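To start, the structure under review is shown below, and the notes come after it.
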Amino acid sequence: MNEKQLSQINFYFVGFVTLTIWSLLIWQYLHDGVPSHYLMQNPEFPELSNWWGALLLPVLSWGLLHRIKKRIINSPTESRSLLTKQVIISLVISLCYGAMLSLSFLYGYAEISLIMFPGILFFALFFRVYREEFVLGFILSMSFVFGAVLPLIFGVLIATASAIIYFIVHFIWSKVRTITEKKQIA
């Protein structure tokens, strides 16, 4: 894929996200009203309206997709196709994971959501779940249940923790492998 094609995909994707969130907010406004959420479900914390998603989700989508586009464009030409497929698969997986997490919480299966949320950190041992496509899919899928602000906060926290876990584990693994290779040579 070239830069023009990627820019066009970004434009359509951000347009789709914008149209979807605005349609949802208008529908909510005309029916029961646009809901608000509290951090940690505690009314003592400030109330966060779902209206923030009208601005936050398109801007976030554009920014993260721009970073993904730069990563693809800066990769070698022969690996762009594979990288694009990996990005799409990662986005779909994170969309599904976030949707399952949201639905388990929404329908009262707190045990499942309590396992799935920190389960992302387990996946961080093996995969780079701090990448933009994972974060974007996670935030987009959860924003329909929790609004945009709470998933953004949790997405940033999980991405930061995932990056720390991924790099520490792989640093330790490379040191252990180096030590074992030196012992085998000697």
Side-chain angles (χ1 to χ4, degrees), residues 1-10 13-14 17 39-40 56-57 59-105 109-143 145-146 148-186:
M1 284 197 163
N2 61 28
E3 191 169 356
K4 184 178 178 183
Q5 290 171 321
L6 290 171
S7 295
Q8 198 171 27
I9 291 170
N10 289 356
F13 191 88
V14 172
V17 168
L39 283 173
M40 308 296 183
L56 190 60
L57 291 180
V59 170
L60 181 74
S61 297
W62 178 82
L64 292 178
L65 287 172
H66 180 71
R67 289 182 49 88
I68 292 169
K69 180 178 82 170
K70 280 177 54 176
R71 192 171 82 223
I72 292 172
I73 293 300
N74 292 335
S75 68
T77 308
E78 59 275 359
S79 66
R80 285 184 187 169
S81 176
L82 177 62
L83 183 57
T84 303
K85 288 177 186 175
Q86 289 173 344
V87 166
I88 292 169
I89 290 169
S90 301
L91 181 67
V92 170
I93 288 171
S94 64
L95 281 167
C96 293
Y97 196 89
M100 290 186 326
L101 180 63
S102 297
L103 291 173
S104 67
F105 183 84
Y109 297 107
E111 303 83 22
I112 295 173
S113 57
L114 286 174
I115 292 170
M116 288 184 72
F117 195 70
I120 298 170
L121 299 177
F122 172 75
F123 292 122
L125 295 171
F126 310 104
F127 305 106
R128 296 174 183 234
V129 295
Y130 60 87
R131 290 256 167 118
E132 294 88 355
E133 55 271 20
F134 285 107
V135 173
L136 180 61
F138 182 75
I139 292 171
L140 287 177
S141 63
M142 293 189 69
S143 63
V145 174
F146 300 109
V149 178
L150 293 178
L152 176 64
I153 293 168
F154 291 122
V156 168
L157 292 173
I158 287 292
T160 303
S162 298
I164 291 169
I165 289 171
Y166 181 84
F167 287 114
I168 287 175
V169 166
H170 285 267
F171 174 77
I172 293 169
W173 177 251
S174 69
K175 294 299 177 186
V176 167
R177 192 171 31 175
T178 304
I179 292 169
T180 57
E181 287 175 357
K182 285 182 181 179
K183 286 183 179 181
Q184 288 177 353
I185 292 174

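A quick note: this is a predicted structure, and the numbers were derived from the prediction, not measured.
- Taking all atoms of both residues into account, the shortest heavy-atom contact from Ile139 to Pro151 is CG1-O, 3.6 Å.
- Of the inter-residue distances, the one linking Asn10 atom CG with Trp62 atom CH2 reads 9.5 Å to the nearest 0.5 angstrom.
- In this structure, Gly137 and Leu95 approach most closely via the heavy-atom pair O-CD2, 3.4 Å.
- Two residues are said to be in side-chain contact when any heavy atoms from C-beta on lie closer than 4.5 Å; Leu57 and Ser143 meet this criterion.
- The distance from the CD atom of Gln86 to the CZ atom of Arg71 is 8.5 Å, given to the nearest 0.5 Å.
- Side-chain contact check for Phe122 versus Leu125: some heavy-atom pair is nearer than 4.5 Å.
- Within the 4.5 Å cutoff, the side chain of Phe146 has heavy atoms near those of the Phe105 side chain.
- Taking the six-membered ring for Trp and the full ring otherwise, Tyr166 and Phe123 have centroids separated by 6.0 Å or more.
- Atom CG in Leu6 sits 8.0 Å away from atom CZ in Arg80 (nearest 0.5 Å).
- Using a 4.5 Å cut-off on side-chain heavy atoms (C-beta onward), Ile68 and Leu91 make no contact.
- Between Val145 and Ser102, the shortest heavy-atom contact is CG2-CB, 3.6 Å.
- No side-chain heavy atom of Ile165 sits less than 4.5 Å from a side-chain heavy atom of Tyr130.
- Counting non-hydrogen atoms of other residues, nucleotides and ligands closer than 6.0 Å to CZ of Phe13 gives a total above 12.
- Between Phe134 and Tyr97, every side-chain heavy-atom pair lies at or beyond the 4.5 Å cut-off.
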Step by step, work out the side-chain contact (heavy atoms from CB on, under 4.5 Å) result for Ser7 and Lys69. CA-CA 8 Å; Ser7 295; Lys69 180 178 82 170; 3.0 Å; yes
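- Between Tyr109 and Ile115, every side-chain heavy-atom pair lies at or beyond the 4.5 Å cut-off.
- Between Glu133 and Arg67 there is no salt bridge, since none of the side-chain N atoms of the basic residue sits less than 4.0 Å from a carboxylate O of the acidic one.
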Can Ser94 and Leu136 be said to form a side-chain contact (heavy atoms from CB on, under 4.5 Å), step by step? CA-CA 8 Å; Ser94 64; Leu136 180 61; over 6 Å; no
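- In this structure a side-chain-to-backbone donor-acceptor pair under 3.5 Å is present from Gln5 to Asn2.
- Interatomic distance, Glu3 CD to Ile72 CD1, rounded to the nearest 0.5 Å: 11.0 Å.
- Atom CZ of Arg128 is separated from atom OG of Ser90 by 11.5 Å, given to the nearest 0.5 angstrom.
- One finds the CG atom of Leu60 at 7.0 Å from the CG atom of Leu140 (value rounded to the nearest 0.5 Å).
- Scanning all heavy atoms of the two residues, the minimum distance from Pro118 to Ser113 falls at CD-O, 4.4 Å.
- With contacts defined as side-chain heavy-atom distances shorter than 4.5 Å, the pair Phe138/Ile120 qualifies.
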